[in-house]
Number of protein chains: 2
Amino acid sequence: MRYQTERNIVATIDDVAKAAGVSTSTVSYVLSGKRPISAPTRARVERAIDKLGYRPHAGARALASARTNVIALMAPLRVGVNVPVIMQFVAGVVTRARDFDHDVLLLTQDDVSGLDRVTGGSMVDALVMMDIEADDPRVPLVAAAKQPTVLIGLPQDPEGLSCVDLDFEAAGRLAVRHLARTGHTDVALIGSPPEVLQRHTSYAERLMRGLRSQATSSGLTARVEACDSSPSGASAAVDTLLATAPDTTGIIVHNEAALPHVLSRLAERGIVVGADMSVIAVCPTDVALSQRIPMTSIDLPAEDIGKVAVDMVMARLEGDHPSETRLLSPVLTERESSAYGPAGALD
Amino acid sequence: MRYQTERNIVATIDDVAKAAGVSTSTVSYVLSGKRPISAPTRARVERAIDKLGYRPHAGARALASARTNVIALMAPLRVGVNVPVIMQFVAGVVTRARDFDHDVLLLTQDDVSGLDRVTGGSMVDALVMMDIEADDPRVPLVAAAKQPTVLIGLPQDPEGLSCVDLDFEAAGRLAVRHLARTGHTDVALIGSPPEVLQRHTSYAERLMRGLRSQATSSGLTARVEACDSSPSGASAAVDTLLATAPDTTGIIVHNEAALPHVLSRLAERGIVVGADMSVIAVCPTDVALSQRIPMTSIDLPAEDIGKVAVDMVMARLEGDHPSETRLLSPVLTERESSAYGPAGALD
DNA sequence: TATTAATGTCGAAGCGCTTCGACGGACGGA
DNA sequence: TCCGTCCGTCGAAGCGCTTCGACATTAATA
């Protein structure tokens, strides 16, 4: 038996007002702080609130204030390549949203009609959308909505929406530059699965662009190999690479799921990563650390990106901040999977 | 430029009523179907609705009807052991919720106050909670709430709440029985990380219980090894096991993250899985299939469990179904990681 | 001391929807 | 032909909250 005056009869703001001997609006102002309330009144109200266990009714509040304190997050939930990465995005978004006193409504990627539903029905104040493709059909939809939206990823045409992502082009350059400086002359990218490339997922293309431009300006040879995320796909990619470009001494892997299999295959072929071959991973730090050896990596700060996305969307919600695109600078951390190449130190 | 009568001025039900030349309530009844409406009237209303692009306001609806059409899902978002599994639960819940015309509000495991918020604030109609521990502090909280809740997992005392989970005890028995039948006499469990065991996560304990009881009745020796999910943790578990019980020919692995590392370590030690050693994994099928060889496994039907959870919670929402506990029967699928043991076929 | 400006509180008008009771008309049975 | 039904529709009363304007007080200014 618990102390509860009446099961399922919940206190309303009027009950609180009555109990505190003030008007309804006063209670509301105590709660919102939008008008000054004297200390004694406030105290009485607050006492009444927790004596009654009062909780404002979210729907009523939304109706009256046109604010729901909920944001929508559209995430790809299909099992696939980058599940841990997705989880980190989600975690970042949810925890940061709480800092702004918002909750998160979860939409799945393929539920396109969900956008209309939550938007038109005023279920949410704002949206965050992950995994944006170059020519994403959802972009025009949310661009037409009244709620501000931020995209995680970079579409061809953002249509005035805010975007945030890792600067993959810079990451590509950074990885190649690092390999060049440490004496490598023949490098390769083992990248996303062919499907991802075909979808023109922009991050994959941006990484390749950066890699190629830096290879050119550093005078390196750079090869690119698509890579299915399965063990056999990874083996195949490694084998093809080593067959067509046997002089390769530096590999950049941008495929979390394939990474362990790539390393296994290299090991099977007697190639010692960190000595014969330098491998740089582009992935979250915890993934880099849970490989057979700690990987030199460019961090994909998924959780941070999620948080920044929320910051941006909240900024738009408050003031009249313009939309913007933020690309986070890549950071490379040396660990045990990379070493000097045939040309030795260059600095 | 788009066709939109007025940016941000959205149509209300009254606008629709006016446009269709009927009363507000008629429109409402067209939408809800709670009273009969003649075909011509219905048609006029529907035409008005999509001419105006009308969407009912979720908050207003919630206020008037005491139904939000949202359920809360509390999931562990910390990066950890079983990320892919969690994602599958989540996906199951979200997709099934949509079948019932509900959306999902995502709460993180550690945000205990979130329970109170969404519950007391009437933000949701029901709750689903994952990753329930034996003595979970959240259970009494949601048990006191007015919304129905289903737990994924089994607490010591469900306090009248519904539960759903894989029948891990049966899974433990099934795995051992299979090994016994295929001629193994010395088997072992490589299980959850020590932290998980210390939290008394019930699934780990239930699996062990089933395993031990079946080992006893089948006359096998069964050893249990906790296992950290890191590569080194997995290696250590394998090494310890092989040192203390060198006759082991059958291993049950119940730790998705450690699984690949366990297999690697066995390979490193020159032990051929599927020949020298039979390994049965307890994990989702797709995890079983993405190892170096296709694993014989007992499926952890995460997505199904999520769906069943939603089915159960919806049932309670509709009628006055009593609370229940559903344990899904384990299914073992033979693949390439298991073979006959020293005693040969027994059937 | 008279006048203005804060300061603190109240009352009432919605926000957009659901739902209950009422009501007019068509219909079948007596 | 009259009455009881059922069908389809309407009007109005909320659901619980926010917010605007008004109204006392009290404090600051001339």
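A note on names: the letters A, B, ... follow the listed sequences, proteins ahead of strands, and every chain is numbered from 1. Just so you know, these numbers use all the heavy atoms, side chains as well, and skip hydrogens, waters and symmetry mates.
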Separation of C:dG14 P from B:D14 CG (nearest whole Å): 13 Å
Earlier contact from the 5' end, DNA chain D, for B:L63 and B:S38: B:S38
Sugar-phosphate only, base, or nothing, as touched by A:S28 at under 4.0 Å among non-hydrogen atoms: base
B:R55 CZ - C:dC17 P separation (whole Å): 12 Å
Test: A:D101 and A:R98 ion pair at under 4.0 Å: yes
From C:dG16, D:dA12, D:dT18, nucleotide with atom closest to B:T12 side chain: C:dG16
B:R42 CZ to D:dC7 C1', straight-line distance once rounded to whole Å: 13 Å
Between D:dT18 (P) and A:K34 (NZ): distance, integer Å: 8 Å
Under 3.5 Å donor-acceptor, B:Q147 side chain and B:T119 backbone: yes
Side chain of A:T41 - closest among C:dC10, D:dC17, C:dT9: C:dT9
Among C:dT18, C:dC10, C:dA22, the one nearest B:R61 by side-chain distance: C:dT18
Interatomic distance where NE2 belongs to B:H57 and C1' belongs to D:dC17 [whole Å]: 12 Å
Donor-acceptor pair (no angle test) under 3.5 Å: A:R44 side chain, C:dG8 base: no
Check: B:S23 side chain, D:dG11 base, donor-acceptor under 3.5 Å: no
Sugar-phosphate, base or nothing in reach of A:P36, heavy atoms under 4.0 Å: base
B:S25 side chain near C:dT19 phosphate (N/O to OP1/OP2, under 4.0 Å): no
Salt bridge B:R96-B:D99, side-chain N to carboxylate O under 4.0 Å: yes
Any donor-acceptor N/O pair under 3.5 Å between C:dC20 base and B:Y29 side chain: yes
Whole-Å gap separating P (C:dT18) and CD1 (B:I37): 13 Å
Sugar-phosphate, base or nothing in reach of A:S65, heavy atoms under 4.0 Å: sugar-phosphate
A:Q109 side chain to A:M130 backbone, donor-acceptor under 3.5 Å: yes
N-O pairing of A:R199 and A:D131 below 4.0 Å: yes
Atom-pair distance (CZ on B:R67; C1' on D:dC15), nearest Å: 16 Å
Residue B:A60, side-chain heavy atoms: nucleotide from C:dG21, D:dA22, C:dC17 that is nearest: C:dC17
Gap between atoms CZ and P, on B:R35 and C:dC23 respectively (whole Å): 14 Å
